[in-house]
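Remarks on the structure that follows.
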Amino acid sequence: MAPIAADHLIETLNFEQRQAVEHGDGPLLIVAGAGTGKTATLVHRVAWLILRGSPSQRILLLTFTRRAAAEMIRRAESLIASLDGLSATGNRPSTRVGRIWGGTFHAIATRLLRRYGEAIGLSHNFMIHDRTDSEDLMGVLRTELGLHKADQRFPQKATCLDIYSRCVNAQEELTSALTKYFPWCLPWKENLRKLFDAYVDRKRKSAVLDYDDLLVCWIELLDHPRAGSAIRRLFDYVLVDEYQDTNPLQAQILYRLCPEGKGLTCVGDDAQSIYSFRGATVYNMLEFPKRFPNATVVTLEQNYRSTQPVLNASNAVLREAREGYRKTLWSERKEGPKPILAPCMDEDEQTEFVIERILDFYNRGIALRRQAVLFRASFHSIGLEAELLRRRIPFHKYGGLKFAETAHVKDLLAFLRVAENPRDLIAGTRILVMLPGIGPRTAQKLLNILAQAGGNFSAWRDHRVASAAAQSWKELVDLMVWLAAREANPAEQLAKVRAFYAPFLPQLYDNPIARSRDLEQVERIASRYRSRKAFLTEMALDPPNSTQDLSGNPELEEDYLVLSTIHSAKGLEWDAVYVIHATDGNIPSDMVTDCEELIEEERRLFYVALTRARTHLFVCYPMRYFRPGFSTGSFGADFGLAQISRFLTPKVCKAFEELVPQMPRHQIEDFEHDLPDGEPDHFTNRRYLRRLWS
DNA sequence: CTGTTGAAATTTTTT
DNA sequence: ATTTCAACAG
């Protein structure tokens, strides 16, 4: 007990934040608007609980990313350390804080399942399928069931997985999920059902869990009489961040973890719920006071992040939302530049505009890492990326394809995964079809042989394969036998795999040099892990964010611009934020225009983007596209005209300073060259308009 | 059975 | 631009 330190702890907080931090054991819901010190409050609460004497290893902190958990634990640690001098306890708080259970629902699920999974009949060495693996399995079953043979084409494997995952995560009946979110797939309902049955079945046989299974099995574990109560006994306090983006499964987990809501704290902002495509629902938040009648609800409205002009723009967007808690953020930072709305002629000009501003701010003392460019879809930044590369401006991109999901990295990891779990058919097929002369058919045969031998790779020894593969085949068998016999030192294992794999790389993909460098990185990452299983689990659940995260020399990497999807920008903030491609069709994405619920989610997404800015906010949109598929809605067109985002209504625009579109000089010259003689020389509005149609 | 080619269809965001 | 599938040659 350290009451003195605990008093000092809350000194810097406002009234509502204190209320939340010093709340006792009853269920607590913190409704926290953007930038209202949500993380600080959670961090202080963790510190407060520990200072009050709760053992840190009995606190569970559930966050949206591992990064967020690590960051919060670090902050709580330094908070306690800074107060430690004031308290007389003399304990070493840093070691105590470090032992908090922190991570994503999925990561914690994995930890618990490794420990208690046998209670529900789970093999102790189950492997985790990531998104791509799950898709691949869908693909295999899709052809196995002969679903591809039909008049109209069956949905793609990725779509099949999306549908399946939505049903599981949202606990929704297939029919209703289809009509609401995948209406174009309705005709396939019965066959989808068959496919999903086969999918569940095959996963079980392969001792493999996908992301959704982790949550489902956690619930199953909590419902198990012995394992359930054992797990409940582990924790005194459960704190959940970003509660608005949890799905019904996750809510079920919490209900079982904290019956009566004792020790449960959930934090969220209904205005920022942007993951409904993953089955998340604000319903969890709204339901909280009903589920726990003795719940305390604390609302945080004072924003510490942004200037009032930035908030005015954000509030204006939210005010037009169809429903939700009316919430008006306010800030003591009254002064600041008005956000800027910048129409651009085309994507190139938008790129030019953004880079110019970034460099200008940089020269005025705002480091690159204090600035971020945000966009709706990962591919929206490729034009910008090319220009940044050309100008040698360092950047990191978050969101989109992850390093561990690239084909060559997956190839490499597949060897270890098969060694770990010979029943993993997806990984098994992956390594086998690499050899020339071995296709899916032969691969399947070989995997059957392996299964019959109980996973002993020597069984492959006396098997003949096509002559083209004969030499590699022998090497592969030797490699697998060698791998299967060990568990420690994954880096050493990868070194051997890499030697075997190297000759295949140039045959399989273009760009072999860059890819081969990636593979070295994988090996370096592996060297941080003692066991193969731990390494593989980590790569499936929390892979490094981008290739750039790993490559490159440290000196250059010190300062870098941030490019991020809006989704990946959740919870973060920057001094200057540039939202690009704010056109209808991009924000909101034209994939969703029919359904009003989904449009509302896109509006919140836009809101999230705006509220990331501390001081400088720019919203840009090109008025014309030259690239196909960009806002035109069609795949074939080579250019299209764009409309400003419907969320930028006249009312909202009033909160912005609107710039007049400017044509870059070289374009004006080209343009004037094209004009018939006799036209006036000056850039006129009429000409500018013609440019749009010509 | 494998690997290649060409034509046709296709939905973003992520643990 | 990418994924999927059928047709065909080895």
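Because the structure is a prediction, the values reported are computed rather than measured. We name chains A, B, ... by the order of the sequence lines, and we start the count at 1 in each one.
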query = Does the pair A/Asp133 and A/Arg430 meet the rule for a salt bridge (Lys or Arg N to Asp or Glu O under 4.0 Å), with working shown?
reply = CA-CA 10 Å; A/Asp133 301 321; A/Arg430 194 165 190 115; 5.3 Å; no
inquiry  = Would A/Lys203 and A/Asp213 count as a salt bridge (Lys or Arg N to Asp or Glu O under 4.0 Å) here? Give the steps.
reply    = CA-CA 10 Å; A/Lys203 274 187 302 181; A/Asp213 290 329; 2.9 Å; yes
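For OH of A/Tyr283, the number of neighbouring non-hydrogen atoms (other residues, nucleotides, ligands) closer than 6.0 Å is 12 at most. Applying the 6.0 Å contact sphere to CD of A/Gln471 captures no more than 12 heavy atoms from other residues, nucleotides or ligands.
Atom CD1 of A/Ile163 is separated from atom P of B/dT10 by 13 Å (rounded to the nearest Å). Remark: P of B/dT12 and CZ of A/Phe379 are 8 Å apart, rounded to the nearest angstrom. Atom CD1 of A/Ile274 is separated from atom C1' of B/dT15 by 13 Å (rounded to the nearest Å). Rounded to an integer number of Å, the gap from A/Phe277 CZ to B/dT14 C1' is 5 Å. Spacing between atom CG of A/Asp130 and atom P of B/dT14 amounts to 14 Å, rounded to whole angstrom units. What separates CH2 of A/Trp218 from C1' of B/dT15 is a distance of 13 Å, to the nearest Å. A straight line from CZ of A/Arg166 to P of B/dT13 spans 16 Å, rounded to a whole angstrom.
With rounding to the nearest 0.5 angstrom, the NE2 atom of A/His408 is 11.5 Å from the CG atom of A/Leu508.
For B/dT15, neither phosphate oxygen OP1 nor OP2 lies less than 4.0 angstrom from any side-chain nitrogen or oxygen of A/Thr65. Distances shown here put a side-chain N or O of A/Thr565 below 4.0 Å from the OP1 or OP2 atom of B/dT14.
The A/Pro440 side chain lies nearest to B/dT2 when the options are B/dT2, B/dT13, B/dT15. Among B/dT15, B/dT14, B/dG3, the nucleotide with an atom closest to any side-chain atom of A/Thr104 is B/dT15.
Residue A/Ala377 is the one, among A/Glu405 and A/Ala377, whose nearest nucleotide of DNA chain B lies closer to the 5' end (criterion: closest heavy atom).
The aromatic rings of A/His581 and A/His380 sit tilted, their planes meeting at an angle between 30° and 60°. Between A/Phe105 and A/Trp218, the ring planes are tilted. Angles from 30° to 60° get that label.
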Contacts under 3.5 Å, N or O only, protein and nucleotides 3-5 of chain C:
unit_1 : atom_1 : unit_2   : atom_2 : d
C/dT4  : O4'    : A/Arg153 : NH1    : 3.1
C/dT4  : O2     : A/Arg153 : NH2    : 3.4
C/dC5  : OP1    : A/Arg142 : NH1    : 2.9
C/dC5  : OP1    : A/Arg142 : NH2    : 3.1
C/dC5  : OP2    : A/Arg142 : NH1    : 3.2

Dump the pairs, protein N or O against N or O of nucleotides 7-10 of chain C, anything under 3.5 Å, distances to one decimal.
none

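Put simply, the residue from A/Phe277, A/Tyr398, A/Phe375 that forms a ring pair (Phe, Tyr, Trp, His ring centres under 6.0 Å) with A/His567 is A/Phe277.
Residue contacts shown for A/Leu214 are absent, as no nucleic acid heavy atom lies under 4.0 Å away. A/Tyr275 comes within contact range of the sugar-phosphate backbone alone, with a heavy-atom separation under 4.0 Å but no base atom that close. Nucleic acid contact class of A/Phe105 (heavy atoms, under 4.0 Å, all strands): none.
In summary, A/Arg74 and A/Glu71 engage in a salt bridge, as defined by a charged side-chain N under 4.0 Å from a carboxylate O.
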